[in-house]
Participant: 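Take a look at this one; I'll ask things after.
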Number of protein chains: 2
Amino acid sequence: MALQPRNISDAGLRRLAAYHKVLQEMLLAGTPTVSATGIARVLALEPSQVRKDIEATGIAGKPKVGYPLAVLIRWIEDFLGWNNTKQAVLAGAGSLGSALLGYQKFRQLGMDIVAVFDNDPLKVGRTIHGKQVFFPDKLPSFALGAHIHLGVIATPASAAQATADLMVAGGIRALWNFAPAHLRVPDFVVVRNEDLYDSLASLTYKLEKRMAAERKAAAEVCAPVESAVVLLDACTW
Amino acid sequence: MALQPRNISDAGLRRLAAYHKVLQEMLLAGTPTVSATGIARVLALEPSQVRKDIEATGIAGKPKVGYPLAVLIRWIEDFLGWNNTKQAVLAGAGSLGSALLGYQKFRQLGMDIVAVFDNDPLKVGRTIHGKQVFFPDKLPSFALGAHIHLGVIATPASAAQATADLMVAGGIRALWNFAPAHLRVPDFVVVRNEDLYDSLASLTYKLEKRMAAERKAAAEVCAPVESAVVLLDACTW
DNA sequence: ACGGAATCGAGAAGACTTTCTCGATAAGGA
DNA sequence: TCCTTATCGAGAAAGTCTTCTCGATTCCGT
Ligand SMILES: NC(=O)c1ccc[n+]([C@@H]2O[C@H](COP(=O)([O-])OP(=O)(O)OC[C@H]3O[C@@H](n4cnc5c(N)ncnc54)[C@H](O)[C@@H]3O)[C@@H](O)[C@H]2O)c1
Ligand SMILES: NC(=O)c1ccc[n+]([C@@H]2O[C@H](COP(=O)([O-])OP(=O)(O)OC[C@H]3O[C@@H](n4cnc5c(N)ncnc54)[C@H](O)[C@@H]3O)[C@@H](O)[C@H]2O)c1
């Protein structure tokens, strides 16, 4: 009765992270087991989708009960690589970079930023959130020597490609890019763009569509002359 | 020969934002027109996908030439709502919130943060990046009065739901949530989660898989006893 | 011990996205 | 002017992701 291994989509990986958060809250509440149905209810998803995502981790559940909570959390963490902490380097110690540096929770998510690189002479040599700042030209040898494979880019967009090149030269295999720039890297490097432009795009598009729909609906209710009197009190202006 | 309106996926919206960045660089370079093929080459995408995405904006191109660059940029901005600037409120003036406040480019993307709300008495009344900080309980009336429909949440996760509730009460219709929490909001509110947990999930998963594959490949090359001598110089340790 | 209810696991069906294909069209050179 | 080439636009095909469905399993109350 072994579970068959499944491919998981990017969306599925993100959902697993969401389940992880929900599960930890449930753990605090003392629940011993959890069902896919239960998770789905909290996150407003389809139970079968939650089950499929969880299947990807390889854990087996029991009918009628679900999954043992603590074990499921552990399997998700193992599956996502969060129990195998990876050291990381950060480039760009500006306002965003500093915020990332000060963010304690990354450790729990398998990432530990161990060094910072910035080309501002005023910042080099100083310490930010306990991490020393170096010149970017030291990055490749440092990363190679420390066997670091994860890099975070928080430089201006104009410096992002050069920074990525340095990181790749330093043996970095995964890039977390916060600059609004498209990076060209070799095939063996994974890139995740955390581009706020892209995110805002869908938000502003949907907001605009929604507001337009509301204006239209309001117009339909209030505009027709023949029903104006009847519907007047439905309009608040 | 009118273009037929198409539905666009979330991924498509993000790609449009990426095209927009590429196009602006081309504009600086002085190019007068651009083809879907050209954009696709830069971003390593399929030309037909770029064409489909651009079709969604409703602009018409010319065979053999493509699209007029400046016009295309304008159409994408209009389509995404970036030319119709929306005022926004921010909750949580911590390290992330301050970084967002200081980020000038949001204005170009249709968003203008006009007020900040934080429950830390030390921050209330002060000014951060030119924006005054208020107590959160002032949020609903302020948002209603100013007809603000966009809200940014940068509070701790524990305060995110309460903050979202305040925003919804204030007439906010779109939430940009940076806290790692699942928000429950009415159907008419759009939520975009900018959850770094979720993002890290796919990055750590892929990095781990890649490194595992590399270790396996290395082992295959170096482990077999019969070929050890021949392949010794292929191994660097 | 038995029957009902809840859940899992997995395959099938359906919905959505991406890629392919091809006719039409416009530019540029022979 | 005519031919070649690049590109668009749209429908078809292929692929991927999500939702549905159902038999099997387990728990719980009677
Ligand atoms: N601040 C935000 O809220 C925010 C939001 C979205 C995106 N971003 C993006 O994140 C990036 C950083 O933003 P920020 O607000 O922190 O900017 P910032 O100007 O505060 O910081 C940029 C830092 O990068 C350093 N730097 C410049 N060139 C460098 C190089 N070649 N190598 C290493 N370091 C270099 C600078 O010295 C500076 O310290 C930008 O690309 C920005 O577009 C920021
Ligand atoms: N710093 C980062 O790099 C980073 C990265 C990813 C996610 N986040 C998330 O972003 C959020 C903010 O992170 P941060 O690093 O800025 O934290 P922070 O502690 O620096 O700032 C939080 C701010 O929110 C304020 N606050 C608390 N309760 C509030 C309430 N009910 N209403 C309004 N304001 C309230 C606090 O006074 C504080 O100023 C957190 O949810 C965090 O998980 C931060």
Side-chain angles (χ1 to χ4, degrees), chain A residues 1-19 23 26 31-69 71-72 75-76 79 198 201-202 205-206, chain B residues 1-19 23 26 31-69 71-72 75-76 79 198 201-202 205-206:
Chain A
M1 220 238 322
L3 297 185
Q4 69 181 37
R6 308 196 136 275
N7 274 9
I8 188 156
S9 60
D10 224 69
L13 290 170
R14 304 186 132 252
R15 283 193 299 268
L16 277 177
Y19 305 160
L23 294 174
M26 290 178 170
T31 331
T33 63
V34 66
S35 69
T37 320
I39 298 175
R41 198 165 30 234
V42 175
L43 295 175
L45 296 172
E46 290 299 317
S48 47
Q49 175 156 82
V50 176
R51 226 173 274 129
K52 282 253 192 293
D53 292 336
I54 289 177
E55 266 180 56
T57 68
I59 198 176
K62 269 194 200 174
K64 178 84 185 202
V65 253
Y67 309 87
L69 186 47
V71 179
L72 178 54
W75 277 65
I76 291 178
F79 184 76
D198 299 1
S202 77
Y205 170 80
K206 285 174 189 165
Chain B
M1 220 235 328
L3 295 186
Q4 67 180 40
R6 310 197 134 275
N7 273 10
I8 189 157
S9 60
D10 224 69
L13 290 170
R14 305 186 131 252
R15 283 193 299 269
L16 278 178
Y19 305 160
L23 294 174
M26 290 177 171
T31 330
T33 63
V34 65
S35 69
T37 322
I39 298 175
R41 200 165 29 236
V42 175
L43 294 175
L45 296 171
E46 290 298 319
S48 46
Q49 176 156 81
V50 176
R51 227 174 275 129
K52 280 255 192 294
D53 291 337
I54 289 178
E55 265 180 57
T57 68
I59 197 176
K62 270 194 198 174
K64 178 84 180 196
V65 258
Y67 309 86
L69 187 46
V71 178
L72 178 55
W75 277 66
I76 291 177
F79 184 76
D198 299 1
S202 79
Y205 171 80
K206 286 174 188 165

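The analysis underlying the following values was restricted to heavy atoms, covering all of them including side chains, and did not include hydrogens, waters or symmetry mates. Below, chain A is the first sequence line, B the second, and so on; all start at residue 1.
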Participant: What nucleotide, of C:dA27, C:dT7, D:dC8, holds the atom closest to the side chain of B:Ser35?
Facilitator: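 Out of C:dA27, C:dT7, D:dC8, the nucleotide with an atom closest to B:Ser35's side chain is D:dC8.
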
Participant: Heavy atoms only: give me the nearest A:Thr33-A:Thr31 pair and the separation to one decimal.
Facilitator: O-CG2, 3.3 Å

Participant: Can you list the residues that meet the side chain to side chain donor-acceptor pair (under 3.5 Å) rule with A:Ser35, with sequence neighbours excluded?
Facilitator: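 Partners of A:Ser35 by the side chain to side chain donor-acceptor pair (under 3.5 Å) criterion come out as none, since no residue qualifies.
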
Participant: Which angle, rounded to 10°, do you find between the first-five-pair axis and the last-five-pair axis of the helix from C:dA1-D:dT30 to C:dA30-D:dT1?
Facilitator: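 Roughly 10°, once rounded to the nearest ten degrees.
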
Participant: Starting from P on C:dA10, measure out to CD1 on A:Ile54 and report it in whole angstrom.
Facilitator: 14 Å

Participant: Please list, one pair per line, the donor and acceptor atoms closer than 3.5 Å that link side chains of residues 11-19 of chain B to other protein atoms, with sequence neighbours excluded.
Facilitator:
{"residue": "B:Arg14", "atom": "NH2", "partner": "A:Ser199", "partner atom": "OG", "Å": "3.2"}
{"residue": "B:Arg15", "atom": "NE", "partner": "B:Asp53", "partner atom": "OD2", "Å": "2.6"}
{"residue": "B:Arg15", "atom": "NH2", "partner": "B:Asp53", "partner atom": "OD1", "Å": "3.2"}
{"residue": "B:Arg15", "atom": "NH2", "partner": "B:Asp53", "partner atom": "OD2", "Å": "3.4"}
{"residue": "B:Tyr19", "atom": "OH", "partner": "B:Asp53", "partner atom": "OD2", "Å": "2.6"}

Participant: Cut-off 3.5 Å, no hydrogens considered: what does the side-chain donor-acceptor table look like for residues 62-69 of chain A, sequence neighbours left out?
Facilitator:
none

Participant: Can you name the residues that form a side chain to side chain contact (heavy atoms under 4.5 Å, CB included) with B:Pro47, not counting sequence neighbours?
Facilitator: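 If we apply the side chain to side chain contact (heavy atoms under 4.5 Å, CB included) test to B:Pro47, skipping adjacent residues, the hits are B:Thr37, B:Ala40, B:Arg51.
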
Participant: Closest to the A:Thr37 side chain: D:dT7, C:dC8, C:dA27?
Facilitator: C:dC8

Participant: Could you check A:Lys64 against B:Arg41 and say which one's nearest nucleotide on DNA chain D is further toward the 5' end?
Facilitator: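 Counting from the 5' end, the first nearest nucleotide belongs to B:Arg41.
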
Participant: Could you run through nucleotides 13-24 of chain D and give me one letter per nucleotide, 5' to 3': B if any protein heavy atom sits under 4.0 Å from the base, S if only the sugar-phosphate is that close, - if neither?
Facilitator: ----SSBB----

Participant: Run the side chain to side chain contact (heavy atoms under 4.5 Å, CB included) test on B:Ile54 and B:Ile39 for me, step by step, so that the C-alpha distance in whole Å, both residues' side-chain angles and the decisive distance to 0.1 Å come before the verdict.
Facilitator: CA-CA 11 Å; B:Ile54 289 178; B:Ile39 298 175; 4.0 Å; yes

Participant: Atom NZ in B:Lys52, atom CD in B:Glu55: separation rounded to 0.5 Å?
Facilitator: 5.5 Å

Participant: Going from CD1 on B:Ile76 to OH on A:Tyr205, what distance comes out if it is rounded to the nearest 0.5 angstrom?
Facilitator: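 One gets 13.5 Å once the value is rounded to the nearest 0.5 Å.
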
Participant: Between A:Lys62 (NZ) and C:dT7 (C1'), how many Å, whole number?
Facilitator: 13 Å

Participant: Report yes if a side-chain nitrogen or oxygen of A:Tyr67 is closer than 4.0 Å to either non-bridging phosphate oxygen (OP1 or OP2) of C:dG9; otherwise report no.
Facilitator: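 Indeed, a polar side-chain atom of A:Tyr67 lies that close.
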
